[in-house]
Asks: 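Quick one: the structure is below, questions incoming.
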Amino acid sequence: MSGLRIEEHPDRLVVTLDRPEKRNAIDADLIAELHAVCADLEAHPRLLLLTGGTEGIFAGGADIGQLRERGRLDALAAINSAAFARIRALPMPTVAAVDGPALGGGAELAYACDLRVCTARAVFGQPEVRLGILAGAGATHRLPALVGEARAKELLFTGRRVDAEEALRIGLVNRVVAEPAELLPTAHGLLDEMAKGSALALRLTKLAVDAPAAAHPHLDLVSQAVLFEDEEKHRRMTDFLERRRPR
């Protein structure tokens, strides 16, 4: 892959956007590579850490040169939104680690992940209306879910940028670190905490949280029924009781 750097770990995949000369702009080739990553994680479910590294840029948005030449059929093909929706639907949890600007499609890529960690110099923004288009790769529905409808409308209508402090306050990110060197260790720490749990319980919990309201409580009941019969549930509960037993 030319636009991504990939590190394989037993329980996770670390994917780094790697187009520094283009400020990690999201073009058609990068989208194809993200689809390949998704195919791998769908076939072999693992946690995902998605980052632009710690060089002061997450993703400066879509490649404007390509975007300018796209027509209505390209819009209907959902080039970026289909890839981001696929990331959102991955079986296991995902974390975006953001250093520096995450703008336009770059911000929408971060929103597609389940959790977001950023540095103090991170900036989020949706400038699409100033370019004569809308934020069509997920921001119109994911941003309201994250920060509320009124605040999301303000950001989408004005293109105003949100710094790290505000992003934490409004719930756009989960954690902010002071120094770039702390970013990836903090993101890995979140994944480490997740990895302590049952992989099947984690997967079904994500499925339940992301399900539409009409699926509840039926999905919760069926998922719990599956987990109640899982051997790992019995082992984990036995280990817990053994630790609590008086010596």
Side-chain angles (χ1 to χ4, degrees), residues 1-7 13-39 48-88 90 94-113 116-119 121-143 146 155-156 158-164 167 172-173 180 183-184 187:
M1 292 189 177
S2 59
L4 301 175
R5 284 188 284 113
I6 297 177
E7 301 170 42
L13 204 64
V14 180
V15 175
T16 304
L17 306 179
D18 191 26
R19 300 186 71 213
E21 74 286 354
K22 296 290 187 178
R23 294 178 59 80
N24 289 341
I26 299 167
D27 66 356
D29 290 338
L30 189 63
I31 288 294
E33 293 179 11
L34 288 171
H35 275 296
V37 167
C38 289
L48 170 65
L49 173 54
L50 179 64
T51 183
T54 56
E55 300 302 319
I57 182 69
F58 179 73
D63 188 308
I64 301 299
Q66 287 190 4
L67 204 57
R68 185 184 60 180
E69 302 307 316
R70 290 179 184 174
R72 60 178 179 268
L73 296 181
D74 296 306
L76 293 173
I79 295 171
N80 288 6
S81 62
F84 297 173
R86 200 171 177 184
I87 290 170
R88 180 66 179 178
L90 286 172
T94 58
V95 174
V98 178
D99 180 33
L103 304 174
E108 290 174 301
L109 177 58
Y111 306 157
C113 292
R116 282 151 297 284
V117 178
C118 75
T119 64
R121 62 184 180 183
V123 179
F124 299 86
Q126 302 298 155
E128 284 86 355
V129 293
R130 299 184 182 186
L131 294 170
I133 58 174
L134 61 78
T140 56
H141 55 278
R142 294 197 183 101
L143 194 55
L146 289 169
L155 299 177
L156 290 166
T158 66
R160 181 174 70 82
R161 296 186 179 188
V162 174
D163 63 20
L172 188 57
V173 301
L183 178 64
L184 295 182

Asks: I want to check something: taking the side chain as every heavy atom from C-beta on, are Val173 and Val98 in contact at a cut-off of under 4.5 Å?
Replies: no
Asks: Does any non-hydrogen side-chain atom of Val129 lie less than 4.5 Å from one of Leu156?
Replies: no
Asks: Please name the pair of heavy atoms, one in Thr119 and one in Ala164, separated by the smallest distance, quoted to 0.1 Å.
Replies: O-CB, 3.3 Å
Asks: Side chains of Val15 and Leu48: does their closest heavy-atom pair fall under 4.5 Å?
Replies: yes
Asks: Whether the Thr54 and Asp99 side chains hold a donor-acceptor pair (N or O, under 3.5 Å, no angle test) is what I'd like checked.
Replies: no
Asks: What pair of heavy atoms forms the shortest contact from Pro127 to Gly125, and how long is it?
Replies: CD-O, 3.5 Å
Asks: Less than 4.5 Å apart, any side-chain heavy atom of Leu143 and any of Phe124?
Replies: no
Asks: Of Thr51, Thr16, Leu4, Ile57, which meets side-chain contact (heavy atoms from CB on, under 4.5 Å) against Asn24?
Replies: Ile57
Asks: Return the minimal non-hydrogen interatomic distance between Leu172 and Arg116, and the atom names on each side.
Replies: O-NE, 2.7 Å
Asks: List the residues meeting salt bridge (Lys or Arg N to Asp or Glu O under 4.0 Å) with Arg161, not counting sequence neighbours, and say none if there are none.
Replies: none
Asks: Where is the tightest heavy-atom contact between Arg121 and Glu55, given as atom of each residue plus distance?
Replies: NH2-C, 3.9 Å
Asks: Working to the nearest 0.5 angstrom, can you tell me the gap between Leu17 CG and Lys22 NZ?
Replies: 15.5 Å
Asks: Can you check whether Phe58 reaches Val123 side chain to side chain, under 4.5 Å on heavy atoms?
Replies: no
Asks: Minimum heavy-atom separation for Ser81 to Gly136, with atom names?
Replies: CB-O, 3.5 Å
Asks: For atom CZ of Arg23, decide whether the heavy atoms of other residues, nucleotides or ligands shown that lie under 6.0 angstrom number more than 12.
Replies: no
Asks: Please report the closest heavy-atom contact between Leu30 and Ala25, naming both atoms and the distance.
Replies: CD2-O, 3.9 Å
Asks: For Asp27 and Arg19, what are the C-alpha separation, side-chain angles and deciding distance, and is it a salt bridge (Lys or Arg N to Asp or Glu O under 4.0 Å)?
Replies: CA-CA 10 Å; Asp27 66 356; Arg19 300 186 71 213; 3.3 Å; yes
Asks: Give the table of side-chain donor-acceptor pairs shorter than 3.5 Å for residues 103-113, with sequence neighbours excluded, one pair per line with atom names and distance.
Replies:
from, atom 1, to, atom 2, distance (Å)
Glu108, OE2, Ala137, N, 2.9
Glu108, OE2, Gly138, N, 3.2
Glu108, OE2, Ala139, N, 3.0
Tyr111, OH, Gln126, OE1, 3.0

Asks: Between Arg70 (side chain) and Ala75 (backbone), is there a donor-acceptor pair under 3.5 Å?
Replies: no
